[in-house]
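In what follows, chains are A, B, ... by sequence order, proteins preceding strands, each numbered from 1.
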Amino acid sequence: MRRYFGRKLLIYGLTFFVAVTINWMIPRFMPGDPVQSMLSRANVAQPAAVEAMRAHYTAMFGFDLPLWQQYLNFWGALLRGDLGISIWLFPTPVSDVIIRAVPYTLGLLIPSILLSWFAGNRFGAFAARRKWLDNTVLPVGYVLTATPYMWLAILLAWALGIVAGVFPVAGAYGFDLQPSLSWGFVGSLAEHWFLPFASLFLVAFGGWAIGMRNMIIYELEADYVNYLRALGAPARLVRRYAFRNAILPQVTGLALQLGVLVAGALVTEIVFSYPGLGHLILQAIQNQDFFLLQGTFLFIVIGVLIANFVIDVAYVLVDPRTRTGMGEAA
Amino acid sequence: MLKLDGVSKVYRVGAFGGRELKAVSDVSFEVGEGEVVSLIGESGSGKSTLGRMILRLASVSGGTITLDGRDITSIKDRKEYYRQVQGVFQDPFSCYNPVFRADRVFAMIKEQYFPRAGADEWRKRVEGALESVRLDPGNVLGKYPHQLSGGQLQRMLIARAVLLDIRLLVADEIISMLDASTRIDVLNLLADLRARGLGILFVTHDLSLGNYVSDRTVVLRHGKIVEMGRTDLVFGSPAHPYTRSLLASVPRLHAKWTDAEMTDAVEDVPCAYHEAPQESRTRPGLAEIDSDHYVACADKEKA
Amino acid sequence: GGGSSTPTGPAGDGAAGGGAAAPAGGSGGAFPRNETLYTSGTQWGPPANWNPLREWDFATGTKGLVYETLFMYDPNTDKFTPWLAESGDWTGELEYTLKLRKGITWSDGKPFTADDVIFTFELGKMETVPYHPLWDWMKSAEKVDDYTIKFTFATANYQEWANHLYSRAIVPKHLWEGRSEDEVMNGVNEKPVGTGPYAYQSHDQDRMVWVKRDGWWATKALNKDVKPKYIVDIVNSSNEVAMGLLLQKGLDLSNNFLPGIANLVKGSFGIKTYYDQPPYMLPANTTWMWFNTAKKPMDDKEFRKAVAYAIDTKKIVEGVYGNLVKASDPSGLLPQWDKYVDKNVTSALGFSYNPDKAKQLLADAGYKDRNGDGLVESPSGAKISLKLIVPAGWTDWMEAARVISSSAKAAGIDIEADFPDYNALVDVRNQGKFDLVLNNDKQLANTPWLYYDYLFRLPVQKLQSTTNFGRYENKRAWELTQQLDQVKPEDVEGMKKITSELQKIQLGDMPVVPLWYNGLWSQTTDSTWKNWPTSAADAPKYPPTVWRNWLEMGGTLMLTELQPASGG
Amino acid sequence: MRYEALHFALRNRKLVAGTVVILVFLVAGLAGPLMFDHGPNDYVGPPMAAPSGEFWFGTTTFGQDVFAQFLYGLRATFLVGVLGGVLAAAVGMVVGFVAGYRGGWVDELLTMLTNIVLVLPALVVLLIVNAYLGVRSIGVQALFIGLTSWPWAARAIRAQTFSLRSRDFVDLARLSGVRTPRIILREIAPNMSSYLFLTFILLFGSAILIAASLDFIGLGPTEGVSLGLMLNNAARWSALQLGLWWWFIPPGAGITAIVGALYVMNVGLDEVFNPKLREM
Amino acid sequence: MALNVTDLRVYYRTLRGEVKALDGVTFSVADGEIMGLAGESGSGKSTLAKSLIRLDGRMRHVGGTVELDGAAMPLSDDDAMDEFRFRKVSLIPQYSMSALNPTRKIGRMVGELLDSRGERPDRAELERRLELVGLSKDVLDRYPIELSGGMKQRVVMVVSTLLNPSLLIADEVTSALDVSSQKAVATTLLGFRDRGLVTSMMVVTHDISLVYQIADSIMVMYAGRLAEKAPADVLVTAPRHPYTQQLVSALPEVGVRYEDRRLAGIPGSPPSLLKPPGGCRFRDRCPLAFDQCAEQPPFAEVAPGHLVACWKAE
Ligand SMILES: Nc1ncnc2c1ncn2[C@@H]1O[C@H](COP(=O)(O)OP(=O)(O)OP(=O)(O)O)[C@@H](O)[C@H]1O
Ligand SMILES: Nc1ncnc2c1ncn2[C@@H]1O[C@H](COP(=O)(O)OP(=O)(O)OP(=O)(O)O)[C@@H](O)[C@H]1O
Ligand SMILES: [Mg+2]
Ligand SMILES: [Mg+2]
Ligand code: NI
């Protein structure tokens, strides 16, 4: 068990190291000088003024140091939780920008991941044992998983937002409100949250439902099922066992899908101008804000790693096979 | 011809090879030309591992295996080695790649060893080999594995080995998957091959089969030799309690297990090791209690 | 979307945070719709600083709503209006005397005096302050009395000075004194204390909220009052979002470029633009196509002219923009500067879309299609294949670049549209490693000198980051530009003489091709606020925008003209 | 056995339906563009026209023919899918085969690599890399998709190889003196061909989805058309607000149909190859 | 009579047609009888065993009846069969190693199983029976993965017989084991019968020597039909059917050596069950075959308890 987690942690540690290194490397070896473009946006008239500012900001971002020093500084800053200063939102620290966006992204991601996972698995298991459901509703599942996140988002925005006018399609809460603990505000939050949530939920739901359906079908072929059936165990019990066992690979599946789901959330946020990390990434890209991009990227990587680790722990807790297997052999 | 000298095998298992598993330890015996040596033992006793080491499918962790005095690991050209030593495995169905025709096993030999042989000439050779294992070439060539019976497949594998003029055949449980009616044919075939001067290492857990074909018998337990020697001696007067209990477990056609046998009382009988004279302990851990009959100490194993 | 479609908070729930954060009168933290002005199109990211010296990224409104300038300038009428200043005059060849308005106070109650103005200008002595170059030709700013300042100059760059007079936001000395250079330039300045009509209320990632402040000096002094109690400036995430909000009346003023808006203006959506027919918008700047004149064959003016004739601007105006923009005058000067255009010069030397003429020019200059691929080679026989770069993601420009590419090819010139990322584009542009590039960095202002400075500035440096991207070297043009700077703004005739010369050079050499005027994108709805500036006879004529650096060109005045739609 | 698979294949409704959809789109993408004498981005019609006899899918704000864009876009979409899918499958196969067959520290190393790439959120990495590199062609896009989406395939293939490696026919091939790469290629891979094919189909589908997301965010190829770019353009030019539904419905529907058909095909194939599932 | 099978026919549906894996078998198993079922691979042994407990999706009950303790078993009605399963007829599967739900503790699983069948779990009895097979009661608190293969097999044996079924079917439970384990399993089975935990038993195997050790009678199948059924001793020493004779003589015994006595196999191979030839199915391989063999010989009693399907067996 300790070995198992040691190993996992090693992988995560290495992944983190690789991610950080890539992250550090890319802007430094790619064409384009962030300071130049920042000043270019500044649109200052006199070339002389520009020169002075350029020197100033280059030193400020540490681009004048030798590369190895920059790399070490990067790590040092990182460990202090300092992700640098956003160019686009100068002079806001990147970490502040991210912290402000994170609640929105988590607010979208966590419910949509968990709910779609639970509902999808329930539904998939349900469909797997009813031929008519399997044949009629499951195609819908396929269509849902095959839908690009943004397209479903666009369709929802168009149909429910623009045409029907039932839901707002931009922002996190009404522009006429300020954050407060009132019903109006919370209602507005929920209203703005619903469509992005729904589009994430639906796509993921389809995927889980199909995955579960296939898992259950395999599981119902397992030897222990045959044995139970031979002993006349009612279908109820068999299904309960099959469901429980089939859900375990789905837990691992959740870990594997996490990256995809996060990516989906990013794209969906963009469609709905939902002020989370996805929105931030897009802006950082469009504004060539390397520091913000780096920060967001790191944040997501860390988030995904932590989530993966949580899932690993959860998996060990629910599957006795891993527990003993690890104790003895692995 | 083939000589194992203190051979051991350690498997590294677990993450990063964290744990060691000693599958075979300090095994020494020989297989001569035209001799059938059966290797007997319960499941997991290391029989297959030994076979695989001889076939160079697994590395040797300790000791040496020599063929005509040459350490087999020093034979750099594996093909050279496999020309002389070949193997046949337990499950004839899994020895064939299910997506290809069964005679691909012959094609592979041609490709690797006789690339220049003409098609007709090769065909004749194959047919000859098939006939030597009493298969009708027309019946088996060009078919997929699932269209052939286990016995046919198993015999084709032997034919394949024969194509190479081998000198030693490692037969790892080659008949346990076969029907009673066909297995005897395969056994008889092995005996015929032996008559042609082929050395055979016959791995089995079925004592009656081992007894049927072999000249000498090696009994393995937990990777160690507990008893070995001439087959008639080992089966006729088993000296080690383990061998005795094995023999007692063998179901016989004309004698039901007695009530005594049903309760495992055999273990109480002391082993023959201590009764053997000191000077007969020529091999480490084994005592020669008769000419060509060795036994290990049961007490030491318990400890 | 947003604003109007959200439910109005239930009345009288007292849960609002209380204190300054809660808008007065709002229930549940909501801004009352009829007191709130919703704007957008100015801010492309969350408000990040309120530092009026960071003229390119302060929260919009920092200058104009909070900090004010000495003068206002109205580009439509070309008139300066004294604002914080009462008057200003050149009292000598190299001496300018400024009188300040009395009775103005900062929002913290401290009086506004000459010290503040002098302090603000002297901040420019810091290297990194954008108006630092002013001190290359300004000698001193001296306090005569509390409301009078005397500026003395080494060189009298009248045009430029006039620009400074309405561009510099005056900051309070008592709060800014003692700030380090880094604080001055890079400080967030969270609690901006200014003289203007609004104060910071709150902000979030997607909005900036200003609240009207009591006791704005102009109410008493000029009888001008801003009507909206709140201004909620919505951060742009995309133009589609802005259009959606506008359609749902969640926005009163959108300063976004909204493709296809013409359809909506014609329809019954209650959306208005400055003009109710093409080009719908006032022009705001010119899109130029720069030739890299340091490279072959762009170093050949005949070739450049041929390219100019080969571009089908009409197709861009109609196809890409759906008539939201207007094709540029050959001089490239904005219509507001029409008086500086020498029509004789432009009619004689001006160009227009004419592929035959382009082919003719090419043929005459020796550019022929030798290999029969329909594209010309240079006189020396070298293959010509040029790249027109436009930043990736600037969709309208990308479309335009494709049109340019195809019309140039039709005339036999191989121009390919290419879309590097903005950073990469800036890099190659500044280093002079491009062939052709589109740019519209220079905005409408009080003086065409700004445009000529942009076109002709010398010397060419290693990095050309803001001007003369084409590395066009013409000493005469640069001398004329400098002379133009030193003509007094009142002396229109004197300016025209020089601009005529410059236009001759420009059109004769064609270092850049002016293509079209980008609009002062602005669309309004009347549902909550009315009396927006339009071309209609009785409507105000201020530029209808809250863009950064445009409030002092009329944006603030527009706010004083607004009236509640429902009488109250 | 082969014929049996074919027999089931032809009778499997899912497989047949999926294949038909894919083929229809493929043919439309390959042959469709030949119908037009204008390019997909040419301004050929009145702006913002609704679908009509002349322009089946209507026109864009510029008067581009949406139907032409759709058909050309199919090409790009298939191309990205195939290139990205093939590359990912190739990398996944190499890593999976080598790790599974070699075992030992090679396996440890490759598994570690796989896990690292696996936990990195691929699309986010792609966003970053694209943003920095300014990837602007379908080929490069496919390259990046291929290089980031292989890990799960590698994992699955590794597991399969692991179980096949211990099958006796592999040993037999070794006893015949066949070398490792050849064993992998000739003995192991053919046994997993159905599995590899399934893997490829899934990678194909996911490559299309990833590419569409990238295009949509504006990190797609700048030249040419793809279904994702059409969505991007539709969004950027306010097709939703202007009610130009014919501009954004077809590309999304096209992607969904193709990817959905691929997935359905995948399940169908699974049922064909896996007798256990056939009974359902 | 515990079990009466009359003319049972069960076919497999396949692409190429129906595989007549069980083509009219009639036999009975008496109370307290342990019957060994032998025959070569593919002769239909497992099909018979499965038919008596649960037909899988491709099996079709074509005809014939099965009576257990006087009650007719509705073979093709899966739900109705549940009444019989576990209580009347039970199974020890070949796959005992994987027959237990890996994610449930054994005790809990057993409890739930009994519960679902409406039986009251009797913990004490369960522990007693575990003890009988040499398992301590704490296996109930373990997950299957925590047990060795042999332990799992014994657990399955206990679970299957918990309701004292009239008929226990053991399908190839020993094939994968080595001799000492084989013996242990076989003696356990015998013990179950002797203690009255099960009434009668059908032990399916292809190892005649093993089944001979514990069975009262042995039945031999050939190509979907019955060849011979006789008391164990009789079948081994004096088989009447030519197939049985050859089969028995092909078995090597400890002590028999190649040099001493060369055994012979049975030449040829069994017919396809897809389109089996009419008449005696062993005809083609039978040294005694004659004209009448074109007709199916009846499975007739030639001596008390000794039934043979061969014209030549008197
Ligand atoms: N590749 C391997 N890695 C790790 N352990 C192994 C490996 N192969 C075999 N072993 C272990 O080595 C021991 C001996 O195995 P081996 O296969 O040689 O036994 P065997 O006598 O052939 O048994 P059987 O009769 O079941 O075939 C067993 O404990 C087995 O688990
Ligand atoms: N699912 C199936 N589909 C089609 N045919 C089958 C199926 N299962 C078994 N058969 C066929 O039915 C016949 C009898 O099979 P069965 O499994 O009963 O034999 P068996 O005597 O148990 O053999 P073994 O000793 O190999 O287990 C064989 O010819 C086999 O090929
Ligand atoms: Mg073995
Ligand atoms: Mg069977
Ligand atoms: Ni001893």
Side-chain angles (χ1 to χ4, degrees), chain B residues 36 40-45 47 134 139 148-152 175-192 194-195 204-215 231-232 235-236 242 245-257 259 261-264, chain E residues 38-43 148-150 174-188 190-191 205-215 222 232-233 235-237 243 246-270 285:
Chain B
V36 177
I40 289 175
E42 64 189 351
S43 182
S45 57
K47 307 182 297 290
R134 287 200 303 281
N139 241 343
L148 297 168
S149 77
Q152 286 171 321
I175 47 181
S176 55
M177 300 274 283
L178 300 184
D179 266 322
S181 54
T182 38
R183 65 165 63 157
I184 209 71
D185 285 340
V186 175
L187 273 187
N188 289 340
L189 174 62
L190 285 189
D192 293 347
R194 175 187 67 163
T204 183
H205 63 243
D206 188 327
L207 286 83
S208 37
L209 299 177
N211 181 30
Y212 182 67
V213 290
S214 64
D215 304 301
T231 300
D232 52 340
F235 281 75
Y242 177 66
S245 81
L246 268 188
L247 273 171
S249 309
V250 177
R252 294 156 204 252
L253 255 195
H254 301 286
K256 293 209 179 184
W257 289 321
D259 284 343
E261 278 169 351
M262 294 235 175
T263 57
D264 292 330
Chain E
E40 65 194 288
S41 184
S43 55
S148 75
T174 57
S175 328
L177 307 177
D178 58 49
V179 279
S180 24
S181 324
Q182 277 181 355
K183 184 176 172 187
V185 170
T187 49
T188 311
L190 197 57
T205 180
H206 55 242
D207 189 340
I208 293 184
S209 354
L210 181 74
V211 81
Y212 165 73
Q213 303 294 324
I214 56 167
Y222 184 78
D233 286 314
L235 189 109
V236 168
T237 50
Y243 173 65
Q246 291 195 23
L247 193 64
V248 169
S249 68
L251 296 176
E253 285 237 49
V254 179
V256 174
R257 288 181 50 77
Y258 173 76
E259 289 92 345
D260 313 337
R261 181 158 77 88
R262 190 173 165 135
L263 304 174
I266 310 173
S269 54
R285 302 166 82 182

Region of [X] that comes under 4.5 Å of a non-hydrogen atom in chain B:
X	result
E/A264	backbone
E/L247	side chain
E/I266	both
E/V211	neither

Practice task
List the atom of E/S209, the atom of B/P251, and the distance in Å for their closest heavy-atom pair.
Solution key: O-CB, 3.3 Å

Exercise for the section: Return the minimal non-hydrogen interatomic distance between E/Q213 and B/R252, and the atom names on each side. Expected result: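 Result for this residue pair: NE2-O, 2.7 Å.
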
Problem - Choice from B/V213, B/L209, B/T231, B/I184 maximising heavy atom contacts with chain E below 4.5 Å - result: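 Top count of heavy-atom pairs under 4.5 Å with chain E: B/I184.
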
Problem - Option that, when pairs with chain E are counted at under 4.5 Å, heavy atom only, ranks first among B/L187, B/D192, B/D185 - result: B/D192

Reported [atom1]-to-[atom2] distance for the pair [X] and [Y], which is rounded to 0.5 angstrom:
X	Y	atom1	atom2	answer
E/Q182	B/D206	CD	CG	8.0 Å
B/E42	E/S180	CD	OG	5.5 Å
B/R183	E/H206	CZ	NE2	6.0 Å

Practice task
State whether the side chain of B/N188 and the backbone N or O of E/R262 hold a donor-acceptor pair below 3.5 Å, judged by distance alone.
Solution key: no

Problem - N/O donor-acceptor pair under 3.5 Å between B/Y212 side chain and E/L263 backbone - result: yes

Practice task
Could you tell me which portion of B/S43 (side chain, backbone, both or neither) has an atom closer than 4.5 angstrom to a non-hydrogen atom of chain E?
Solution key: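 Contact with chain E involves both backbone and side-chain atoms of B/S43.
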
Practice task
Please look at B/N139 and chain E and tell me whether the side chain, the backbone, both or neither of the residue comes under 4.5 angstrom of a heavy atom of that chain.
Solution key: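 No part of B/N139 comes within 4.5 Å of chain E.
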
Fill in the blank from the handout: In terms of heavy-atom pairs under 4.5 Å with chain B, the winner among E/I208, E/L210, E/D207 is E/L210

